[in-house]
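Everything on this sheet refers to the single structure shown next.
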Amino acid sequence: MAYEHKSIERKWREEWRKRGTYRVENDPSKPKYYVLDMFPYPSGAGLHVGHPLGYIASDIVARSKRQQGFNVLHPMGYDSFGLPAEQYAIQTGQHPAKTTEVNIARYREQLDNIGFSFDWSREVRTSDPAYYKWTQWIFLQLFDSWYDHAAQKARPMAELIERFEKHGWNGNDGSALTGNEELEPLAEFGHTDWATFSERHKQGILLRFRLAYLSEAWVNWCPALGTVLANDEVKDGVSERGGHPVERKRMPQWSMRITAYAQRLLDGLDGLDWSESIKESQRNWIGRSEGALIRFALASGEGSVDVFTTRPDTIFGVSFVTLAPEHELIAQITPPERMAEVMAYVTQAKNRSERERMTEVKRVSGVFTGAYVKHPFTHMDVPVWVGDYVLGGYGTGAVMAVPAGDQRDWNFATHFKIPFTAVTANWDISTGADESKEATLANSVFLNGMKVADAIPRAIDELVKKGVGERRINFRLRDAAFGRQRYWGEPIPIYYKDGTPYPVEEQHLPLVLPEVDKFLPTEDGEPPLARAKDWSYNPLQGRVANGDGAYPLETTTMPGWAGSSWYFLRYMDPKNEGRFASPEAINYWQQVDLYVGGSEHATGHLLYFRFWTKFLKERGWINFDEPAKKLVNQGMIQGQSAFVFRINGTKIIASHEWFHRLMAAHDDADIKQLANDVNLQLGYIAFTEMGEITMDAAKATFKDAADQGISFKDCDFQNITELHIDVNIVQNNIVTIDALRSSRPEFQDAEFLGEGETLKCGTLVEKMSKRWLNVVNPDDIIERYGADTLRLYEMFLGPIEQSKPWDTNGIEGTSRFLKKFWNLFHSAVASTHGVDPEAGNAFLVDDAEPTKAELKVLHATLKKVTEDIERLSFNTSVSQFMIACNSLHELKCHKRAVLEPLTIVLAPFAPHIAEELWQLLGHGESIAQATWPKWDAAHLVEDSFSYPISFNGKTRLQLEFPIALDAQGVEAAVLANPEVQARLEGKAPKKVIVVPKRIVNIVL
RNA sequence: ACGGACGUGGCGGAAUUGGUAGACGCGCUGGACUUAGGAUCCAGUGCCGCAAGGCGUGGGGGUUCGAGUCCCCCCGUCCGUACCA
């Protein structure tokens, strides 16, 4: 029978589901392999062909590992909390859970059509209370932990309390990190003091040490979304989702102390097999820089201005100190007579949105506070300025300005005419700052004549000696904002007693999302959860109705990344009700062996994912501190848009070709000719710009045919517009006029200027999106070519990590391959002339002994494909399958001994057809159970090798010699060859290089 | 500006350790078989040239018997970060 992808694929999808083919149990007797895809957020838009790219790659790995004898965990689930469902709820009133349900159902159907081997019995959803019970539980563990800096690990709060009871807090205890650095430093206390503190006071102190903590903090507030966003959710001063403006706001905020892990998140990267670009993004995001903290004592009165600098060697070049507008010292140090002016600047600077601040990078602004600090070495007065080029959120929010050594300081000093001197030798400070790391220092007392690299440690030594500074490592990484003023997220399991946060009892988890009348904030700006009538808590009873004796519950919910920070663990044991996953399951599955997902998560999800894993390890819940050993980022599939041209103000739609003809028409004669050619009453065509033809520059006007005398100058010039048309009605860049007419209402009565019944379109590669009408739906491809073809083609497009445009035309190649492969099993296709009417009709696999040539094809393929899967080079494996298939057709090979192993290795790529052929070959089991065949080098050995003979590195001829012939033998034989002799023209070669089994090079 | 990735036919791409550049597929050209072709098969297809031959991996230099691959400089594209002190 002929190859019918539709019935075959339907049959096997049902069969796999019925048999539970891909269900996996923990089986410690087998080696494990864990392949994980970043789970999707199922939006309403459905899949386009770019989405499954990563899933197909991981499915190939999962299937091949399974056949290679591994116990493979290959799960799928959904990141089902999220903003779009909530926004839809606000608009329509439909509960986000319902929206999510519908989207997931559609998503699942699309995934199923592609034939993935996910173990759906392990599906998880972050919005499922059975799942988020454990997200909340992990939050409570974080709430119950502090970071011991000396031991470099998180420890339970009980140990900190014990420490306070015994030793108090000396205020400078490097072994414990306190909370938000923007707060007042925590005053020291003795153990006797601790005993006298009120419960409230104690809790206040403890809160500053917790890894999940509540504090006043500067947050990214997005008024349009009505919520706080984490740093990684803000791009260029607007929200990543929706592009709404974001402003800085100070408010009480739940945060995660990821900063405690900065150094370890950085160090851990070295051991990971992740792409260099992701690792580099994380390094930049963490932003470690070494330098010094220097204290500049205030000239008048108490206190000091602390600055962080990476160039303490330039200390003698300090000509002023600049504070960020947010700096809390400004109000303190500014003398009364300058207060009004300074505060006016501060207010104005703070109110400028992030966005404005970024677009106005070049503009210098600032104000002198009127206060001075003392230079730590010269004791001279140094003026203190406020400038918005200093960021409140980085370092101490203050810098020592060295105009001679830093361009930003130079710009500021030059703008405000603040005097300064050079600190490096042979440098003209009138032109700019000397930022070179190779410079030699000058005018710098004890640093004179030293190189920067030597001067830095020396300067720090002197600062330490004088007690005015110390070595300091600073990180760019900020603690992560954890609360969201939204409905559709995990409730934070915290209640408030006397204004102090307390954890909800573990037995009362999950703390289930309450029902609310609207999904909007309350009138007084409280988050949606505040609308619920039963959003309060009694530690003895659990959730209770609001009222007497009930404590109010936290009303913010967790951010999207909470649930995804640990989901890989839940897959190991998804139904466990007593623990997030059993120790046995965790111990067996361990880390993810291969994690596949997009690179857009580099500084968000992938960092939190690592952070939580490290935390869970330290608290003894798991035994590894990195979640994924290997990570690959699949590239983006771009869309290929098609468009035709509309001559504005007319009903004319022109093809790409005609557009260029119109543009190329130079004079009246050309134009008349054109009008005749198209047999349309186009009349006059005029052009303004005849030079380079670009869409923008192209301008044309059509006048009434009667008006033949009108000159160019009198025409109304209008643009030609490129109109995107749906790529699904286009084939090989050609679209029929019929299809065009029915595709858009405005095309119905258009006049088409094209190639007869068709138009040739222009094409453009851009993002695949509805807007450009270039979305290709996998369902349509599957309907027409089948899932196996889709899978093969997506892999064949190019390297998995690379972005590339989708071109449906190219899919014919892989489709043909599958037909040809099928025909290997069915009947010989006529090889010389014409069609074999019997082609593909009879199953004719024979049991004959394979020839040497056939075995060579087989084993070369087994080797190549096995190795290619290992290095995720799927495009080259597909090409190898094609080569094998073509060779076997040439050899007219229909032998079981060859085709059977070939089918097994094809199965991960094209599982449906492989399964069907496997059954036709007489096997009852699924091909998923078939053992991966091993390649045998013996079949690949050649008797002879065709040496390329090159002269001075340029190949000129080929000579075949036995493989056994050694280098001398080859050399002698080559030189004896008449053709070589002819090229030598009787002269002796300078040198002859023979690399056995590779090449011969003759140097003349 | 800094950091990362990359640059090969008309197109997607191959070349895994420095060893025959352009595998495989699309497209294109010609042919066969056909009532038909969006089916199938055969042949060709880097560029220039009738050919012999020459030229070719963004450009320029270098190392080497030999460079797409290694080194230096420059140009370009994409991604990330962006006043980070």
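Every chain is numbered from 1, with letters handed out A, B, ... down the list of sequences. Just so you know, these numbers come straight off a predicted model, no measurement behind them.
Between the CD atom of A/Glu801 and the P atom of B/U16 there is a distance of 17 Å, rounded to whole Å. Rounded to an integer number of Å, the gap from CE of A/Met636 to C1' of B/A5 is 15 Å. The distance from atom CZ of A/Arg784 to atom P of B/G38 is 12 Å, rounded to the nearest whole Å. If you take CG of A/Leu293 and P of B/A85, they are 14 Å apart, rounded to a whole angstrom. Nucleotide B/G4 holds its C1' atom 6 Å from the CD atom of A/Glu280, rounded to whole Å. Rounded to whole Å, atom P of B/U16 lies 12 Å from atom NZ of A/Lys863.
Separation of the C1' atoms belonging to B/C83 and B/C78 is 25 Å when rounded to the nearest angstrom. Going from the C1' atom of B/C48 to that of B/A82 covers 48 Å, rounded to whole Å. Rounded to whole Å, the separation between the C1' atoms of B/U63 and B/C79 comes to 33 Å. Rounded to the nearest Å, the gap between the C1' atom of B/C24 and that of B/C73 is 36 Å. Distance check on atom C1': B/U45 versus B/G37 gives 24 Å, rounded to whole Å. Here, B/U16 and B/G68 have their C1' atoms 14 Å apart, quoted to the whole Å. Annotation: B/A52 and B/G58 have their C1' atoms spaced 31 Å apart (nearest Å). Taking atom P in both B/G56 and B/G60, the straight-line distance is 9 Å, to the nearest Å.
Taking a pair to require two hydrogen-bonding distances under 3.5 Å in either a Watson-Crick or a G-U wobble arrangement, B/G27 pairs with B/U45. Taking a pair to require two hydrogen-bonding distances under 3.5 Å in either a Watson-Crick or a G-U wobble arrangement, B/U63 remains unpaired. Remark: B/A39 base-pairs with no nucleotide; criterion is Watson-Crick or G-U wobble with both hydrogen-bond distances under 3.5 Å. Within the shown strands, nothing qualifies as a pairing partner of B/U69 under the Watson-Crick or G-U definition with both distances less than 3.5 Å. Summarising the base pairing, B/A1 is matched to B/U81 through a Watson-Crick or G-U wobble pair whose two defining distances lie under 3.5 Å. Judged by Watson-Crick or G-U wobble contacts below 3.5 Å, the nucleotide B/C6 has B/G76 as its partner. Across every strand in view, B/U17 sits unpaired, with no contact that passes the Watson-Crick or G-U test at under 3.5 angstrom.
Distances from the side chain of A/Phe796 to the nucleotides B/C83, B/A14, B/G12 place B/G12 closest. Among B/C41, B/A85, B/G12, the nucleotide with an atom closest to any side-chain atom of A/Lys820 is B/C41. Of the candidates B/C24, B/A14, B/C26, the closest approach to any side-chain atom of A/Asn886 belongs to B/C24. Set against B/A85, B/A14, B/C83, the side chain of A/Ser289 has B/A85 as its closest nucleotide. Checking B/G25, B/G13, B/C26 against the side-chain heavy atoms of A/Arg816 singles out B/C26 as nearest. Considering only the side chain of A/Tyr389, B/C83 comes nearest among B/C83, B/C24, B/G4. For A/Val1003, the listed nucleotide lying nearest its side chain is B/C65; candidates were B/C65, B/G13, B/C26. In the set B/G4, B/A85, B/C83, the nucleotide with an atom closest to the side chain of A/Asp388 is B/C83. Checking B/C26, B/G25, B/U20 against every side-chain atom of A/Asn809, the shortest atom distance belongs to B/C26.
Taking the six-membered ring where tryptophan is involved, the planes of A/Phe308 and A/Tyr394 are perpendicular, since the angle between them exceeds 60° and thus also 30°.
No hydrogens or angles were tested; on distance alone, a donor-acceptor pair under 3.5 Å links the side chain of A/Lys864 to the base of B/U16.
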Chi angles and distances behind the side chain to side chain donor-acceptor pair (under 3.5 Å) call for A/Asp306, A/Ser304
CA-CA 6 Å; A/Asp306 294 354; A/Ser304 65; 3.2 Å; yes

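Here the CD1 atom belonging to A/Ile456 is positioned 11.0 Å from the CZ atom belonging to A/Arg471, to the nearest 0.5 angstrom.
Look at B/G7: its glycosidic torsion is beyond 90° from 0, and that puts it in the anti range.
For A/Phe412 and A/Tyr389, the ring centers sit closer than 6.0 Å to each other. The distance between the ring centers of A/Phe961 and A/Phe945 does not fall below 6.0 angstrom. Ring to ring, A/Trp285 and A/Phe475 are not that close: their centroids are 6.0 angstrom or more apart.
With a 6.0 Å cutoff to the six-membered ring centre and a 45° limit on the axis angle, A/Lys863 counts as a cation-pi contact of A/Trp935.
Phosphate proximity of B/G25 to A/Thr814: absent, as no side-chain N or O sits under 4.0 Å from OP1 or OP2. Regarding contacts with the backbone of B/A23, every side-chain N or O of A/Gln880 stays at 4.0 angstrom or more from both OP1 and OP2.
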